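Computed from a predicted structure; not experimentally measured. One is the number of the first residue; the rest follow in order along the sequence.
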Amino acid sequence: MTQCTSVECTIGNRTVVIETGKVAKQANGAVLLRCGDTIILGTATMSSEPREAVDFFPLTCDYEERKSAVGKISGGFVKRGGRPSEKAVLTSRLIDRPIRPLFPKGMRNDVQVIAMPLSVQLECQPDTLAMVAASAALTVSDIPFNGPIGAVRIGMINGEFIINPSVEEQNVADLDLVVAGTKEAVTMLEGGANQVPEETVLKAISIAYDEIVKLCEAQEELAQKAGKPKADVPLYKVDPEILQAVRDTSADAIVEALCDPDKASRENSTNEVKQEIVDRLAEQFPEREAEIGEAAEQVIKEEFRRLILERGIRVDGRTPEQIRDIWCEVGLLPRVHGSGLFTRGQTQVLTSLTLGSLDDAQIVDSLEEDAEKHYMHFYNFLPFSTGETRPLRAPGRREVGHGALAERALRYVVPSPEEFPYTLLLMSEVLESNGSSSMASVCGSTLALMDGGVQIKAPIAGVAMGLVSSEEKNVVLTDIIGAEDFNGDMDLKVAGSRNGITAIQMDTKIGGIPDDVLKQALEHAKDARVYILDEMAKAIAEPRPSLSPYAPRVFVIEIHPDKIGDVIGPGGKIIKRIEADTGAKIYIEQDGHVYITSVDAEGGERALKMVDDITRDVKIGETYLGKVTRIESYGAFIEILPGREGMV
């Protein structure tokens, strides 16, 4: 009989049970996590040998959705399922980001973490539970891992905080934040908010952290009861002698190459210095060129950080709080419905707005909900933006994640379909990239919306904050460039209005961010946000009073729900005829609201009259002009309204 071990803890008002030893025993570590009727299988597997000739840790995290978990069969022709949904991609990223920094430095063995929801109760959302299941699988396995981590979602409704809210609660919350961390500190943030002040966000993080500690302690208890001893895997480390040789002979040349505000020039200079180091030390350390190159990379990173920590110098010459030069332009694309070009230093994003009818909405078919999405943002990172060449393929996880972040930043200020009966699509093209292109796409989206005449509740801007830390000092950086993201310890993206935060995302490369550092970073981000909004206002301060002349017009009429069938007709015959005759598109809701969308105002008005004629009642005493449809011996039949005849 299978021997299994379990632990449990109370998170919010629900019990979380984690057990191991029952299933998937050939994985290095496997757990079943249960909360309510939501059950997640978490597994962790490691290759027996390290991968050769790589200079990174090959970690893969996957969240595998199964529609059977909610008793559904996938829609469409293909029933087996294809590429992961956007929700699955975003959840895979949620799993990856907090655990990646917790593996030993220099690890080269392949590690694959898979979280699979087997049963889902919508009151117990699976994404944060999948993060905990993944951590628990690693914790009980023999894979070296400096965890565990805990993860919870915290919502706020009417000023009250809710731990792990249901889908319904999440949809109406003013704050929706996922917090992950170890017992020592918070390591990851991901969420959106309805212009919530920084102090409230910090309070929410503090409440969530208390629950995270409980989850970490439960996993540690499970590991003590049934965990495997950690394997002794080889860790790659540069030879200290080579490393010291590079430090002794090349530090000054590296600093000189680093101090260049132009990204391309700086990268060329550092590459030249690196090659010179390899050529010079190859005689002293024969047949070890690759190791010399890695040692050079390590010293470049050390000198990069030393410039900031000891001399307060950033490689592009800015002070820690200084923002790069900003310029903006709207109306750049005359035929699109709205456009905004946002440039900050060497990062540039062009966003276009397209307005469509309500039936252009995206169909969302996920484990958690089936719905229509009337506001979308797509982020495209093109290879020329970094001066590179590569094949153009479908969007990767990074593009999906950045697009979702920017979409979340504006979701709370975009008018609802009831207020503005359109489907909105924002398309951000990264034309030039040197850090924080996702936040530039937030700014470009705001410009495009205002240029298009969409009456947003407030302009939104975003900025990326960084951190370079040592045992003695923490330096928070405002508006980080790509090199500061790569060589730094934190990437904190904050978007919002002048009044508060609308989106936040944080990743770290260290064990966590101290509370005082996070508070300081949010304060500096607010100052930067207000400055950026002032710069954007120089291009356009508020939404235009009217839509683009090329945007479709929407006409709305409310009919009795019993009349919907009359408008549609048998097999859709009548509605198709109206659309063919007028060029308009008709969208009908179950409550009787009819939305008529037409690029040609005249066509929309004709369609509106035709729908009105079909649904209005014939009244005695009114005069009608109609067409004679047939003549009988006892009188003539006349179509006085579409589909309705009278006899004379």
List the atom pairs, donor and acceptor, that lie under 3.5 Å between side-chain atoms in residues 501-511 and the rest of the protein, sequence neighbours left out.
unit_1, atom_1, unit_2, atom_2, d
Thr502, OG1, Ala409, O, 2.8
Thr502, OG1, Ala495, O, 3.3
Gln505, NE2, Glu190, OE1, 2.8
Gln505, NE2, Glu190, OE2, 3.3
Asp507, OD1, Arg97, NE, 2.5
Asp507, OD1, Arg97, NH2, 3.2
Asp507, OD2, Arg97, NE, 3.3
Thr508, OG1, Thr187, O, 3.3
Thr508, OG1, Ile510, O, 3.3
Lys509, NZ, Asp485, O, 2.5
Lys509, NZ, Phe486, O, 2.6

Quiz item: cation-pi between Arg411 and Tyr375, 6.0 Å / 45°: no

Just wondering, more than 12 heavy atoms not from Asn158 lying within 6.0 Å of its CG? no

Can you check whether Ala483's main-chain N or O pairs, donor with acceptor, with Asn487's side chain at less than 3.5 Å? yes

Would you call Lys457 and Glu419 a salt bridge, using N to O less than 4.0 angstrom? yes

Any sub-3.5 Å donor-acceptor pair from Glu372's side-chain atoms to Gln362's backbone N or O? no

Given Lys87 and Glu65, is the salt bridge (Lys or Arg N to Asp or Glu O under 4.0 Å) satisfied, shown in steps? CA-CA 9 Å; Lys87 176 69 174 178; Glu65 287 182 325; over 6 Å; no

Side chain Gln455, main chain Arg544, donor-acceptor under 3.5 Å: yes

Given the options Leu90, Val89, Val400, Pro84 meets side-chain contact (heavy atoms from CB on, under 4.5 Å) only with Val89

Is there a salt bridge (Lys or Arg N to Asp or Glu O under 4.0 Å) between Asp534 and Arg498 once you walk through the steps? CA-CA 10 Å; Asp534 288 340; Arg498 298 178 190 275; 2.8 Å; yes

In terms of the angle between their ring planes, are Tyr422 and Phe420 parallel, tilted or perpendicular, with boundaries placed at 30° and 60°? tilted

Gap between atom CG of Asp451 and atom OG1 of Thr446 - 0.5 Å precision: 12.0 Å

N/O donor-acceptor pair under 3.5 Å between Arg305 side chain and Ser469 backbone: yes

Tyr587 and His374 aromatic ring geometry - parallel, tilted or perpendicular at 30°/60° bounds: perpendicular

Side chain Thr91, main chain Tyr63, donor-acceptor under 3.5 Å: no

Checking the side chain of Gln322 only, and the main-chain atoms of Thr319 only, is there a donor and an acceptor separated by less than 3.5 Å? yes

Main chain of Asn164, side chain of Gln125: is a donor-acceptor contact present, judged purely on distance under 3.5 Å? no

Any chance CG of Asp516 has more than 12 other-residue heavy atoms, nucleotides or ligands included, within less than 6.0 Å? yes

ring-ring contact (aromatic ring centres under 6.0 Å, His included) involving His402 - partner list, sequence neighbours excluded: Tyr379

Counting C-beta onward and ignoring hydrogens, is there a side-chain heavy-atom pair between Ser352 and Leu426 closer than 4.5 Å? no

Please list, one pair per line, the donor and acceptor atoms closer than 3.5 Å that link side chains of residues 198-206 to other protein atoms, with sequence neighbours excluded.
unit_1, atom_1, unit_2, atom_2, d
Glu198, OE2, Arg529, NH1, 3.3
Glu198, OE2, Arg529, NH2, 3.0

Name the residue from Leu215, Val178, Val132 that meets the side-chain contact (heavy atoms from CB on, under 4.5 Å) definition with Val152. Leu215

